[in-house]
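Worksheet for the structure shown next.
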Amino acid sequence: AEIAYYKSHNDAKVLSNKKARVAGWNGRLIKMTGNVEGIETYFQLLLLAKGGVNYRLDWQSNGDDRDADKALFERMYKSFKPKS
């Protein structure tokens with residue numbers, strides 16, 4: 001459903017959709033490109049779930065900031081400590 005939302009609202013194209021494991025929680029790490037108000041945008045989305053609890057961490061980068069933002073987003077989600 002998340003991918004469909006980004007496709008319909010931001011004309012996004014999926015670059016990767018991989019399994020992720022963060023702090024013992026399973027989830028998906030999705031990377032996409034699309035447009036926000038005519039500006040090319042790079043989206044990163046981490047979805048985690050365990051039992052009835054879920055977390056969503058998302059980031060969007062414009063143009064030239066993509067490489068630095070990839071590294072920052074990775075640092076953020078790898079240090080994320082979900083509460084069970």
Side-chain angles (χ1 to χ4, degrees):
E2 294 295 329
I3 292 172
Y5 174 85
Y6 279 88
K7 283 183 175 183
S8 70
H9 287 77
N10 302 109
D11 194 31
K13 293 179 180 38
V14 176
L15 301 175
S16 68
N17 182 355
K18 298 180 180 178
K19 290 181 183 178
R21 189 161 178 87
V22 177
W25 289 51
N26 293 319
R28 303 298 294 180
L29 179 60
I30 305 165
K31 298 180 181 183
M32 300 170 275
T33 57
N35 290 296
V36 175
E37 298 178 2
I39 299 170
E40 184 178 334
T41 305
Y42 178 70
F43 301 98
Q44 298 178 89
L45 177 63
L46 177 69
L47 304 170
L48 299 173
K50 188 184 231 182
V53 178
N54 62 61
Y55 285 96
R56 170 195 172 103
L57 185 64
D58 60 271
W59 188 280
Q60 62 184 58
S61 308
N62 298 331
D64 298 335
D65 298 331
R66 180 191 278 191
D67 291 333
D69 286 350
K70 277 184 191 180
L72 180 58
F73 186 73
E74 185 174 346
R75 265 183 60 204
M76 288 171 56
Y77 79 73
K78 285 186 175 179
S79 67
F80 185 59
K81 304 285 188 257
K83 296 185 182 211
S84 25

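Just so it is clear, the model here is predicted, and its values are computed rather than measured.
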Anything under 3.5 Å between a donor and an acceptor, one on a side chain of residues 69-82, the other on a protein residue two or more places apart or in another chain? List them.
unit_1 : atom_1 : unit_2 : atom_2 : d
Asp69  : OD2    : Trp59  : NE1    : 3.3
Asp69  : OD2    : Ser61  : OG     : 2.7
Glu74  : OE2    : Lys78  : NZ     : 2.6
Ser79  : OG     : Arg75  : O      : 3.1
Ser79  : OG     : Met76  : O      : 3.0

Task: Nonpolar side-chain network containing Phe43, other nodes, edges under 4.5 Å - done: Ile3, Tyr5, Tyr6, Val14, Ile30, Met32, Val36, Leu45, Leu47
Open item on the list: Test question: given the 4.5 Å side-chain rule for I, L, V, M, F, W and Y, name all other residues clustered with Ile39, or answer none.
Closed with: none
Task: Partner set under side-chain contact (heavy atoms from CB on, under 4.5 Å) for Asn54, not counting sequence neighbours - done: Ala49
Task: Pairs touching residues 26-39 that satisfy side-chain hydrogen bond (donor to acceptor under 3.5 Å, both in side chains), sequence neighbours left out - done: Asn17-Arg28, Arg21-Asn26
Open item on the list: Could you check whether any side-chain heavy atom of Val53 comes within less than 4.5 Å of a side-chain heavy atom of Tyr55, counting everything from C-beta outward?
Closed with: yes
Open item on the list: Just to verify, what does Arg56 make a salt bridge (Lys or Arg N to Asp or Glu O under 4.0 Å) with, not counting sequence neighbours?
Closed with: Glu2, Asp58
TODO: Taking all non-hydrogen atoms of both residues into account, name the closest pair between Leu46 and Ala20 and its distance.
DONE: CD1-CB, 4.0 Å
